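Since we're looking at a predicted model, the values are computed, not measured. We count residues from 1, following the sequence as given.
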Amino acid sequence: METHLLALQAKVLLWTGLGWLALGLYLGYDPLTVAWRAAVGALVAMWVAGKLFRQVAGVIEDAAATVAAEVQFNAEKNAGKAAPKATGLTTATGGRP
């Protein structure tokens, strides 16, 4: 999961930086100023996106763990109902009570 989050953060970094550069150069600002603003803007956007992505991933992970626990609990509960309950007398006497 961590690898996917890092890949998403890298895409946010790339597109924010390129967008900021393109907009600044299109508007005619000094290229050095545009480059610094693009770098800082992309880093801030990457940090914010990383925080949000990790929160969303945590919620999804908790929901998946809850569903898996419920499925396992129901499977164990149903397996307990289906199996006949053995008593100590039945096995000791050869199946006769």
If I compare all heavy atoms of [X] with all of [Y], which pair ends up nearest, and what's the gap?
| X | Y | answer |
| --- | --- | --- |
| G41 | T16 | O-CG2, 3.9 Å |
| L21 | A38 | CG-CB, 3.8 Å |
| A42 | G17 | CB-N, 3.8 Å |
| L5 | F53 | CD2-CB, 3.6 Å |

Would you mind listing the cluster partners of W15? Hydrophobic ones only (ILVMFWY), side-chain contacts under 4.5 Å, chaining allowed.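 Noted: W15 shares its cluster with L14, L18.
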
Would you please name every residue forming a side-chain hydrogen bond (donor to acceptor under 3.5 Å, both in side chains) with Q55, sequence neighbours left out?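 Once residues adjacent in sequence are excluded, Q55 has no partner under the side-chain hydrogen bond (donor to acceptor under 3.5 Å, both in side chains) criterion.
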
Indicate every side-chain donor-acceptor pair of residues 6-13 with a distance under 3.5 Å to a residue at least two apart or in another chain.
| unit_1 | atom_1 | unit_2 | atom_2 | d |
| --- | --- | --- | --- | --- |
| Q9 | OE1 | R54 | NH1 | 3.3 |
| Q9 | NE2 | M46 | O | 3.2 |

Contact list for residues 31-46, test side chain to side chain donor-acceptor pair (under 3.5 Å), sequence neighbours left out: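 Found D30-T33.
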
If two hydrophobic side chains count as joined below 4.5 Å and joins carry through other members, does Y26 share a cluster with V34?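 Cluster IDs for Y26 and V34 match.
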
Does V71 share a hydrophobic cluster with F73, counting links as ILVMFWY side-chain heavy atoms below 4.5 Å and allowing steps through other members?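 Different clusters.
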
To the nearest 0.5 Å, what is the distance between CG on L25 and CH2 on W20?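 Atom-to-atom, L25:CG and W20:CH2 are 13.0 Å apart.
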
With D62, which residues qualify under side-chain contact (heavy atoms from CB on, under 4.5 Å), at least two apart?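 So D62 forms no side-chain contact (heavy atoms from CB on, under 4.5 Å) with any residue.
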
Partners passing side-chain contact (heavy atoms from CB on, under 4.5 Å) against T66 (at least two apart in sequence or in another chain):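 For T66, the residues satisfying side-chain contact (heavy atoms from CB on, under 4.5 Å) (neighbours in sequence not counted) are E70.
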
